[in-house]
Amino acid sequence: MVEVGSFQFIVLLLPLEFVSMAPASISQIKVGHIDDVQELRKFKPAAIPERFIRDMAERPTLTTTDTLLSSTDIPVIDFSQFLKGKKTDEFQFELSKLAASCQDWGFFQVINHGVDLSLLESIEKSAMEFFDLPLEEKQKYAMAPGTIQGYGQAFVFSEDQKLDWCNMFALGLIPHFIRNPKLWPTKPAEFSDTLEVYSQEIRKLCQTLLRFISMTLGLNEDVFDNMFGEAVQAVRMNYYPPCSRPDLVLGLSPHSDGSALTVLQQGKDSSVGLQILRHNAWVPVRPLPDAFIINVGDTIEVLTNGKYKSVEHRAVTHKEKDRLSIVTFYAPSYEIELGPMPEFLDENNPCRYRRYNHGEYSKHYVTSKLEGKKTLDFARIHPNNSS
(Lines give C-alpha, C1' and ligand atoms only; values in the text may rest on other atoms or scores of the structure.)
Protein backbone atom coordinates (compact mmCIF):
# COMPACT_ATOMS: atom_id res chain seq x y z
CA MET A 1 0.00 0.00 0.00
CA VAL A 2 1.36 3.39 -0.98
CA GLU A 3 0.92 6.20 1.52
CA VAL A 4 -0.33 9.39 -0.08
CA GLY A 5 1.75 12.46 0.83
CA SER A 6 0.04 14.79 3.27
CA PHE A 7 0.59 17.47 5.92
CA GLN A 8 -0.70 17.17 9.48
CA PHE A 9 -0.30 20.50 11.30
CA ILE A 10 -1.15 21.62 14.83
CA VAL A 11 1.10 24.64 15.27
CA LEU A 12 1.13 28.20 16.51
CA LEU A 13 0.14 30.97 14.15
CA LEU A 14 3.35 32.46 12.80
CA PRO A 15 3.84 36.15 11.97
CA LEU A 16 2.64 36.71 8.42
CA GLU A 17 5.55 37.06 6.04
CA PHE A 18 3.64 39.29 3.61
CA VAL A 19 2.73 41.84 6.28
CA SER A 20 5.35 44.16 7.77
CA MET A 21 3.65 44.61 11.09
CA ALA A 22 3.97 43.50 14.68
CA PRO A 23 3.41 39.74 15.03
CA ALA A 24 -0.20 38.69 15.15
CA SER A 25 -1.60 37.49 18.45
CA ILE A 26 -0.65 33.89 19.12
CA SER A 27 -3.40 31.38 18.51
CA GLN A 28 -3.61 27.73 17.57
CA ILE A 29 -4.55 26.64 14.08
CA LYS A 30 -5.57 23.06 13.36
CA VAL A 31 -5.88 22.37 9.67
CA GLY A 32 -6.05 18.59 9.87
CA HIS A 33 -5.03 16.14 7.15
CA ILE A 34 -4.34 17.77 3.79
CA ASP A 35 -3.70 15.40 0.89
CA ASP A 36 -1.22 16.49 -1.75
CA VAL A 37 -3.29 16.38 -4.94
CA GLN A 38 -0.36 15.39 -7.16
CA GLU A 39 0.28 12.38 -4.95
CA LEU A 40 -3.42 11.53 -5.00
CA ARG A 41 -3.41 11.66 -8.77
CA LYS A 42 -0.28 9.52 -8.95
CA PHE A 43 -1.21 6.76 -6.53
CA LYS A 44 -5.00 6.92 -6.17
CA PRO A 45 -6.21 8.40 -9.46
CA ALA A 46 -9.90 7.75 -8.79
CA ALA A 47 -9.91 8.93 -5.18
CA ILE A 48 -11.63 12.18 -4.21
CA PRO A 49 -11.26 12.62 -0.44
CA GLU A 50 -14.30 14.06 1.32
CA ARG A 51 -12.59 17.37 2.11
CA PHE A 52 -12.31 18.13 -1.60
CA ILE A 53 -15.96 17.38 -2.43
CA ARG A 54 -17.94 20.62 -2.58
CA ASP A 55 -21.47 21.22 -1.40
CA MET A 56 -24.00 21.07 -4.23
CA ALA A 57 -24.33 24.84 -4.50
CA GLU A 58 -20.56 25.26 -4.99
CA ARG A 59 -20.01 22.53 -7.57
CA PRO A 60 -19.02 23.73 -11.04
CA THR A 61 -21.12 23.17 -14.13
CA LEU A 62 -18.76 21.63 -16.65
CA THR A 63 -18.54 23.33 -20.02
CA THR A 64 -17.54 22.01 -23.39
CA THR A 65 -15.17 23.71 -25.78
CA ASP A 66 -18.14 24.89 -27.82
CA THR A 67 -19.60 26.83 -24.89
CA LEU A 68 -16.42 28.69 -23.98
CA LEU A 69 -16.24 32.37 -24.69
CA SER A 70 -14.05 33.09 -27.65
CA SER A 71 -11.01 35.23 -27.00
CA THR A 72 -12.72 38.21 -28.61
CA ASP A 73 -15.43 38.15 -25.91
CA ILE A 74 -12.87 38.99 -23.23
CA PRO A 75 -11.40 42.47 -23.70
CA VAL A 76 -7.98 42.41 -25.34
CA ILE A 77 -5.57 45.32 -24.95
CA ASP A 78 -2.78 45.63 -27.53
CA PHE A 79 0.12 47.17 -25.63
CA SER A 80 1.97 48.03 -28.83
CA GLN A 81 -0.66 50.69 -29.58
CA PHE A 82 0.47 52.65 -26.54
CA LEU A 83 3.92 53.05 -28.07
CA LYS A 84 2.57 55.22 -30.88
CA GLY A 85 2.26 58.36 -28.77
CA LYS A 86 -0.53 59.87 -26.68
CA LYS A 87 -1.80 62.10 -29.46
CA THR A 88 -2.35 59.30 -31.96
CA ASP A 89 -5.77 57.84 -32.67
CA GLU A 90 -4.38 54.35 -31.98
CA PHE A 91 -3.29 55.35 -28.46
CA GLN A 92 -6.59 57.00 -27.62
CA PHE A 93 -8.62 54.10 -29.01
CA GLU A 94 -6.66 51.57 -26.93
CA LEU A 95 -7.01 53.79 -23.86
CA SER A 96 -10.79 53.85 -24.32
CA LYS A 97 -10.78 50.04 -24.59
CA LEU A 98 -8.78 49.85 -21.37
CA ALA A 99 -11.28 52.10 -19.59
CA ALA A 100 -14.19 49.96 -20.74
CA SER A 101 -12.34 46.78 -19.75
CA CYS A 102 -11.73 48.04 -16.20
CA GLN A 103 -15.24 49.40 -15.73
CA ASP A 104 -17.32 46.69 -17.42
CA TRP A 105 -15.26 43.55 -16.86
CA GLY A 106 -12.50 44.04 -14.28
CA PHE A 107 -10.54 41.53 -16.41
CA PHE A 108 -8.70 41.86 -19.70
CA GLN A 109 -5.92 40.24 -21.70
CA VAL A 110 -2.75 42.05 -22.76
CA ILE A 111 -1.00 41.13 -26.00
CA ASN A 112 2.24 42.53 -27.44
CA HIS A 113 3.22 43.38 -23.86
CA GLY A 114 6.96 43.52 -24.54
CA VAL A 115 8.02 40.81 -22.08
CA ASP A 116 10.40 38.44 -23.85
CA LEU A 117 8.55 35.26 -24.78
CA SER A 118 11.61 33.18 -23.97
CA LEU A 119 11.34 34.44 -20.39
CA LEU A 120 7.72 33.26 -20.24
CA GLU A 121 8.88 29.84 -21.40
CA SER A 122 11.70 29.80 -18.85
CA ILE A 123 9.51 30.65 -15.84
CA GLU A 124 6.94 28.07 -16.94
CA LYS A 125 9.69 25.46 -17.29
CA SER A 126 11.10 26.29 -13.83
CA ALA A 127 7.66 26.16 -12.23
CA MET A 128 6.80 22.78 -13.75
CA GLU A 129 10.19 21.34 -12.81
CA PHE A 130 9.55 22.39 -9.23
CA PHE A 131 6.09 20.81 -9.12
CA ASP A 132 7.53 17.64 -10.68
CA LEU A 133 10.05 17.23 -7.86
CA PRO A 134 9.53 14.36 -5.39
CA LEU A 135 7.15 15.28 -2.57
CA GLU A 136 9.93 14.98 0.01
CA GLU A 137 11.92 17.67 -1.80
CA LYS A 138 8.95 20.04 -2.09
CA GLN A 139 8.07 19.57 1.57
CA LYS A 140 11.39 21.18 2.49
CA TYR A 141 9.58 24.41 1.59
CA ALA A 142 6.26 23.58 3.24
CA MET A 143 3.77 26.38 3.89
CA ALA A 144 3.07 26.51 7.61
CA PRO A 145 -0.52 27.19 8.72
CA GLY A 146 -1.24 30.87 9.18
CA THR A 147 1.32 31.86 6.55
CA ILE A 148 1.10 32.28 2.81
CA GLN A 149 4.60 31.52 1.59
CA GLY A 150 5.93 28.13 0.62
CA TYR A 151 4.51 24.92 -0.83
CA GLY A 152 1.09 23.55 0.04
CA GLN A 153 -2.39 25.05 0.40
CA ALA A 154 -2.93 28.62 1.56
CA PHE A 155 -6.01 30.09 3.26
CA VAL A 156 -6.82 26.92 5.25
CA PHE A 157 -7.79 27.67 8.86
CA SER A 158 -9.81 24.71 10.17
CA GLU A 159 -9.93 20.92 10.10
CA ASP A 160 -13.30 20.76 8.33
CA GLN A 161 -12.67 23.48 5.70
CA LYS A 162 -13.13 22.36 2.10
CA LEU A 163 -9.89 22.10 0.14
CA ASP A 164 -8.94 23.16 -3.37
CA TRP A 165 -7.72 20.66 -5.98
CA CYS A 166 -4.46 22.54 -6.34
CA ASN A 167 -0.87 22.60 -5.17
CA MET A 168 0.54 26.09 -4.59
CA PHE A 169 4.01 27.52 -4.28
CA ALA A 170 4.07 31.16 -3.14
CA LEU A 171 6.92 33.57 -2.48
CA GLY A 172 7.23 37.18 -1.39
CA LEU A 173 9.40 39.21 -3.77
CA ILE A 174 9.47 42.95 -3.04
CA PRO A 175 10.28 44.63 -0.66
CA HIS A 176 13.18 42.38 0.17
CA PHE A 177 12.21 42.02 3.83
CA ILE A 178 9.07 40.03 2.98
CA ARG A 179 11.22 37.27 1.52
CA ASN A 180 11.81 34.08 3.44
CA PRO A 181 15.13 32.81 2.03
CA LYS A 182 14.58 29.33 3.49
CA LEU A 183 11.61 28.89 1.17
CA TRP A 184 13.47 29.68 -2.05
CA PRO A 185 14.24 26.29 -3.63
CA THR A 186 17.69 25.11 -4.67
CA LYS A 187 16.07 22.82 -7.26
CA PRO A 188 15.63 23.38 -10.12
CA ALA A 189 18.97 25.16 -10.20
CA GLU A 190 17.84 28.07 -12.38
CA PHE A 191 14.56 28.67 -10.49
CA SER A 192 15.65 31.66 -8.38
CA ASP A 193 17.53 33.50 -11.12
CA THR A 194 14.67 33.04 -13.56
CA LEU A 195 12.12 34.27 -11.04
CA GLU A 196 14.22 37.36 -10.27
CA VAL A 197 14.33 38.42 -13.92
CA TYR A 198 10.68 37.54 -14.50
CA SER A 199 9.48 39.49 -11.46
CA GLN A 200 11.37 42.59 -12.59
CA GLU A 201 9.67 42.49 -15.99
CA ILE A 202 6.21 41.95 -14.50
CA ARG A 203 6.81 44.82 -12.08
CA LYS A 204 7.54 47.15 -15.02
CA LEU A 205 4.39 45.93 -16.74
CA CYS A 206 2.26 46.64 -13.65
CA GLN A 207 3.73 50.11 -13.24
CA THR A 208 3.08 50.94 -16.88
CA LEU A 209 -0.44 49.54 -16.79
CA LEU A 210 -1.28 51.58 -13.72
CA ARG A 211 -0.11 54.74 -15.49
CA PHE A 212 -2.49 54.03 -18.36
CA ILE A 213 -5.30 53.11 -15.96
CA SER A 214 -4.83 56.41 -14.13
CA MET A 215 -5.16 58.19 -17.48
CA THR A 216 -8.47 56.41 -18.16
CA LEU A 217 -9.69 57.90 -14.88
CA GLY A 218 -8.62 61.43 -15.80
CA LEU A 219 -5.87 61.40 -13.15
CA ASN A 220 -2.20 62.30 -13.30
CA GLU A 221 -0.47 59.29 -14.80
CA ASP A 222 1.96 59.00 -11.86
CA VAL A 223 -0.71 59.13 -9.16
CA PHE A 224 -0.61 55.44 -8.23
CA ASP A 225 3.16 55.21 -8.45
CA ASN A 226 3.49 58.15 -6.08
CA MET A 227 0.77 56.89 -3.76
CA PHE A 228 1.89 53.27 -3.43
CA GLY A 229 5.41 53.87 -2.15
CA GLU A 230 7.60 50.78 -2.50
CA ALA A 231 4.92 48.53 -3.94
CA VAL A 232 4.59 45.00 -2.58
CA GLN A 233 4.98 42.16 -5.07
CA ALA A 234 4.44 38.45 -4.59
CA VAL A 235 4.11 35.43 -6.85
CA ARG A 236 2.03 32.29 -6.52
CA MET A 237 2.42 29.31 -8.82
CA ASN A 238 -0.63 27.06 -8.99
CA TYR A 239 -0.61 23.51 -10.32
CA TYR A 240 -3.92 21.76 -10.94
CA PRO A 241 -3.54 18.02 -11.72
CA PRO A 242 -6.28 16.27 -13.67
CA CYS A 243 -9.20 15.18 -11.48
CA SER A 244 -11.37 12.10 -12.06
CA ARG A 245 -14.46 14.03 -10.91
CA PRO A 246 -14.05 17.68 -11.92
CA ASP A 247 -17.78 18.14 -11.32
CA LEU A 248 -17.28 17.64 -7.57
CA VAL A 249 -14.28 19.86 -6.82
CA LEU A 250 -12.88 23.35 -7.34
CA GLY A 251 -9.33 24.10 -8.34
CA LEU A 252 -9.44 27.39 -6.44
CA SER A 253 -12.28 28.78 -4.34
CA PRO A 254 -14.14 31.91 -5.52
CA HIS A 255 -12.47 35.15 -4.42
CA SER A 256 -11.40 38.61 -5.45
CA ASP A 257 -7.77 39.73 -5.10
CA GLY A 258 -6.58 42.13 -2.43
CA SER A 259 -3.99 43.59 -4.80
CA ALA A 260 -4.11 46.65 -7.01
CA LEU A 261 -3.40 44.53 -10.10
CA THR A 262 -2.98 40.81 -10.63
CA VAL A 263 -1.09 39.38 -13.62
CA LEU A 264 -1.73 35.77 -14.65
CA GLN A 265 0.35 33.72 -17.04
CA GLN A 266 -1.13 30.37 -17.98
CA GLY A 267 1.08 27.47 -18.99
CA LYS A 268 0.97 26.47 -22.63
CA ASP A 269 -1.31 23.54 -23.44
CA SER A 270 -3.00 23.86 -20.04
CA SER A 271 -6.70 23.18 -19.64
CA VAL A 272 -9.09 26.13 -19.53
CA GLY A 273 -9.63 26.64 -15.81
CA LEU A 274 -10.10 30.31 -14.96
CA GLN A 275 -13.71 31.46 -14.59
CA ILE A 276 -14.98 34.94 -13.75
CA LEU A 277 -18.34 35.84 -12.24
CA ARG A 278 -20.20 38.03 -14.73
CA HIS A 279 -23.91 38.85 -14.50
CA ASN A 280 -24.25 36.16 -11.81
CA ALA A 281 -22.91 33.42 -14.09
CA TRP A 282 -19.49 31.77 -14.19
CA VAL A 283 -17.77 32.59 -17.47
CA PRO A 284 -14.78 30.48 -18.61
CA VAL A 285 -11.79 32.43 -19.91
CA ARG A 286 -9.62 31.06 -22.69
CA PRO A 287 -6.18 32.71 -22.58
CA LEU A 288 -4.67 33.93 -25.83
CA PRO A 289 -1.22 32.53 -26.68
CA ASP A 290 1.60 34.50 -25.02
CA ALA A 291 -0.86 36.94 -23.44
CA PHE A 292 -1.20 37.97 -19.81
CA ILE A 293 -4.59 38.03 -18.11
CA ILE A 294 -4.91 41.10 -15.91
CA ASN A 295 -7.51 41.76 -13.25
CA VAL A 296 -8.35 44.74 -11.08
CA GLY A 297 -7.93 44.10 -7.35
CA ASP A 298 -9.76 45.33 -4.26
CA THR A 299 -7.29 48.21 -3.85
CA ILE A 300 -8.33 49.85 -7.14
CA GLU A 301 -12.00 49.31 -6.29
CA VAL A 302 -11.56 51.20 -3.02
CA LEU A 303 -9.48 54.02 -4.52
CA THR A 304 -12.01 54.61 -7.31
CA ASN A 305 -14.97 54.27 -4.89
CA GLY A 306 -16.28 51.35 -6.92
CA LYS A 307 -15.96 52.86 -10.41
CA TYR A 308 -13.53 50.07 -11.28
CA LYS A 309 -14.50 46.92 -9.37
CA SER A 310 -12.56 43.82 -8.47
CA VAL A 311 -14.24 40.73 -9.85
CA GLU A 312 -14.87 37.40 -8.20
CA HIS A 313 -13.12 34.51 -9.94
CA ARG A 314 -12.31 30.84 -9.39
CA ALA A 315 -10.57 27.91 -11.02
CA VAL A 316 -12.04 24.58 -12.11
CA THR A 317 -10.30 21.34 -13.01
CA HIS A 318 -10.27 18.97 -15.98
CA LYS A 319 -10.66 15.21 -16.12
CA GLU A 320 -7.68 14.59 -18.40
CA LYS A 321 -5.56 17.75 -18.65
CA ASP A 322 -3.52 19.55 -16.03
CA ARG A 323 -3.11 23.30 -15.66
CA LEU A 324 -0.34 25.61 -14.55
CA SER A 325 -0.74 29.29 -13.74
CA ILE A 326 1.85 31.79 -12.56
CA VAL A 327 0.20 34.69 -10.76
CA THR A 328 1.82 37.96 -9.69
CA PHE A 329 0.19 40.27 -7.15
CA TYR A 330 1.10 43.98 -7.15
CA ALA A 331 -0.09 46.12 -4.23
CA PRO A 332 0.70 49.29 -2.27
CA SER A 333 3.25 49.40 0.52
CA TYR A 334 1.90 48.10 3.84
CA GLU A 335 2.43 51.51 5.48
CA ILE A 336 0.06 53.33 3.10
CA GLU A 337 -3.33 54.67 4.22
CA LEU A 338 -5.97 54.05 1.57
CA GLY A 339 -9.50 55.21 0.91
CA PRO A 340 -11.64 56.54 -1.93
CA MET A 341 -9.96 59.40 -3.79
CA PRO A 342 -11.77 62.78 -3.69
CA GLU A 343 -12.17 62.73 -7.48
CA PHE A 344 -14.70 59.89 -7.14
CA LEU A 345 -16.87 61.39 -4.39
CA ASP A 346 -19.85 63.70 -4.86
CA GLU A 347 -23.51 63.91 -3.88
CA ASN A 348 -24.39 61.19 -6.37
CA ASN A 349 -21.46 59.00 -5.37
CA PRO A 350 -21.22 58.86 -1.58
CA CYS A 351 -18.16 57.32 0.06
CA ARG A 352 -18.56 53.53 -0.05
CA TYR A 353 -15.34 52.53 1.76
CA ARG A 354 -13.63 53.76 4.92
CA ARG A 355 -9.99 54.76 5.10
CA TYR A 356 -7.68 52.03 6.35
CA ASN A 357 -4.06 50.98 6.60
CA HIS A 358 -3.15 48.67 3.72
CA GLY A 359 -1.03 46.50 6.00
CA GLU A 360 -4.06 45.91 8.22
CA TYR A 361 -6.15 44.97 5.19
CA SER A 362 -3.44 42.62 3.93
CA LYS A 363 -3.30 40.96 7.33
CA HIS A 364 -7.09 40.56 7.26
CA TYR A 365 -6.99 39.14 3.72
CA VAL A 366 -4.34 36.49 4.31
CA THR A 367 -5.93 35.32 7.56
CA SER A 368 -9.34 34.76 5.96
CA LYS A 369 -10.43 31.84 3.85
CA LEU A 370 -11.27 32.53 0.21
CA GLU A 371 -14.97 33.35 0.17
CA GLY A 372 -16.06 35.52 -2.73
CA LYS A 373 -15.61 39.25 -2.03
CA LYS A 374 -16.25 38.86 1.68
CA THR A 375 -12.80 40.16 2.65
CA LEU A 376 -13.73 43.56 1.20
CA ASP A 377 -16.30 43.91 4.01
CA PHE A 378 -13.26 45.03 5.99
CA ALA A 379 -13.46 48.38 4.18
CA ARG A 380 -17.10 48.69 3.11
CA ILE A 381 -19.34 51.32 4.63
CA HIS A 382 -22.76 49.72 5.02
CA PRO A 383 -25.70 52.13 4.58
CA ASN A 384 -27.53 50.77 7.63
CA ASN A 385 -24.58 51.73 9.79
CA SER A 386 -25.10 55.42 9.13
CA SER A 387 -28.32 55.69 11.11
Side-chain angles (χ1 to χ4, degrees), residues 74-75 77 82 86-87 89 91-108 110 206-229 231-232 255-262 276-280 294-313 329-365 368 371-387:
I74 302 296
I77 304 301
F82 290 128
K86 297 178 183 178
K87 295 183 179 180
D89 292 341
F91 182 100
Q92 293 301 324
F93 177 69
E94 215 63 28
L95 201 66
S96 67
K97 284 170 55 182
L98 179 60
S101 301
C102 291
Q103 186 160 0
D104 299 337
W105 285 82
F107 266 81
F108 54 91
V110 171
C206 289
Q207 292 168 339
T208 305
L209 266 173
L210 283 170
R211 283 196 285 272
F212 293 139
I213 288 173
S214 68
M215 293 173 66
T216 69
L217 293 164
L219 303 172
N220 184 297
E221 64 182 84
D222 295 323
V223 65
F224 295 128
D225 194 41
N226 294 334
M227 181 191 300
F228 286 4
V232 174
H255 64 285
S256 63
D257 294 334
S259 57
L261 290 180
T262 301
I276 63 176
L277 188 62
R278 181 166 171 81
H279 303 319
N280 295 314
I294 313 292
N295 65 275
V296 169
D298 294 345
T299 295
I300 296 297
E301 175 167 340
V302 169
L303 289 172
T304 64
N305 200 37
K307 181 178 177 68
Y308 290 173
K309 290 183 172 62
S310 61
V311 173
E312 196 172 332
H313 52 285
F329 304 95
Y330 186 88
S333 166
Y334 294 128
E335 288 77 29
I336 302 300
E337 296 286 323
L338 295 176
M341 301 171 70
E343 292 87 346
F344 304 103
L345 301 175
D346 58 39
E347 60 182 18
N348 296 318
N349 295 284
C351 187
R352 295 182 173 89
Y353 309 90
R354 66 178 179 86
R355 288 193 66 81
Y356 59 87
N357 171 268
H358 183 63
E360 288 284 356
Y361 179 66
S362 298
K363 177 182 174 181
H364 169 74
Y365 189 94
S368 304
E371 195 172 1
K373 293 188 67 170
K374 191 172 181 180
T375 50
L376 198 53
D377 286 344
F378 175 90
R380 283 194 182 98
I381 295 174
H382 299 283
N384 58 357
N385 290 343
S386 59
S387 57

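Positions are given from 1 along the sequence.
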Using salt bridge (Lys or Arg N to Asp or Glu O under 4.0 Å) as the criterion, list what pairs up with Lys97, not counting sequence neighbours.
Glu94
When rounded to the nearest 0.5 angstrom, what distance separates [atom1] in [X] from [atom2] in [Y]?
| X | Y | atom1 | atom2 | value |
| --- | --- | --- | --- | --- |
| Leu217 | Phe224 | CG | CZ | 5.5 Å |
| Asn357 | Leu338 | CG | CG | 8.0 Å |
| Asn220 | Ser214 | CG | OG | 7.0 Å |
| Ile336 | Ser362 | CD1 | OG | 11.5 Å |
| Leu210 | Met227 | CG | CE | 10.5 Å |
| Ile77 | Leu95 | CD1 | CG | 9.0 Å |

Going by the rule side-chain hydrogen bond (donor to acceptor under 3.5 Å, both in side chains), which residues pair with [X] if we only count those two or more places apart in sequence or in a different chain?
| X | value |
| --- | --- |
| Tyr308 | Thr216 |
| Gln207 | none |
| Arg211 | Thr208 |
| Ser256 | Asp298 |

Within a strict 4.5 Å, meaning less than it, do heavy atoms of the [X] and [Y] side chains meet?
| X | Y | result |
| --- | --- | --- |
| Pro340 | Leu303 | no |
| Asp257 | Phe329 | yes |
| Phe91 | Phe212 | yes |
| Ile294 | Leu209 | yes |
| Arg380 | Arg354 | no |
| Gln92 | Lys87 | no |
| Leu376 | Val302 | yes |

Where [X] and [Y] come nearest, the two heavy atoms and their spacing:
| X | Y | result |
| --- | --- | --- |
| Glu337 | Arg355 | O-NH2, 3.2 Å |
| Ser259 | Thr262 | OG-OG1, 2.8 Å |
| Val296 | Cys102 | CG2-SG, 4.2 Å |
| Thr299 | Pro332 | CG2-CG, 3.7 Å |
| Phe108 | Ile74 | CA-CG2, 4.4 Å |

Parallel, tilted or perpendicular: rings of Phe228 and Tyr330 (30°, 60°):
tilted
Report the relative orientation of the aromatic rings in Phe107 and His313; use parallel for angles under 30°, tilted for 30 to 60°, perpendicular for over 60°.
perpendicular
Could you tell me whether Lys307 and Glu343 have a side-chain N and a carboxylate O separated by less than 4.0 Å?
no
Begin from the C-alpha positions of Glu301 and Ser310 and carry the test side chain to side chain donor-acceptor pair (under 3.5 Å) through to its verdict.
CA-CA 6 Å; Glu301 175 167 340; Ser310 61; 3.0 Å; yes
Taking side chain to side chain contact (heavy atoms under 4.5 Å, CB included) as the test, write out the residues that go with Asn349, two or more places apart.
Asn305, Asp346, Arg352
Walk me through it: do Glu221 and Lys86 pass the test side chain to side chain contact (heavy atoms under 4.5 Å, CB included)?
CA-CA 12 Å; Glu221 64 182 84; Lys86 297 178 183 178; 2.4 Å; yes
Derivation and outcome, salt bridge (charged side-chain N to carboxylate O under 4.0 Å, His left out), residues Arg278 and Glu312:
CA-CA 8 Å; Arg278 181 166 171 81; Glu312 196 172 332; over 6 Å; no
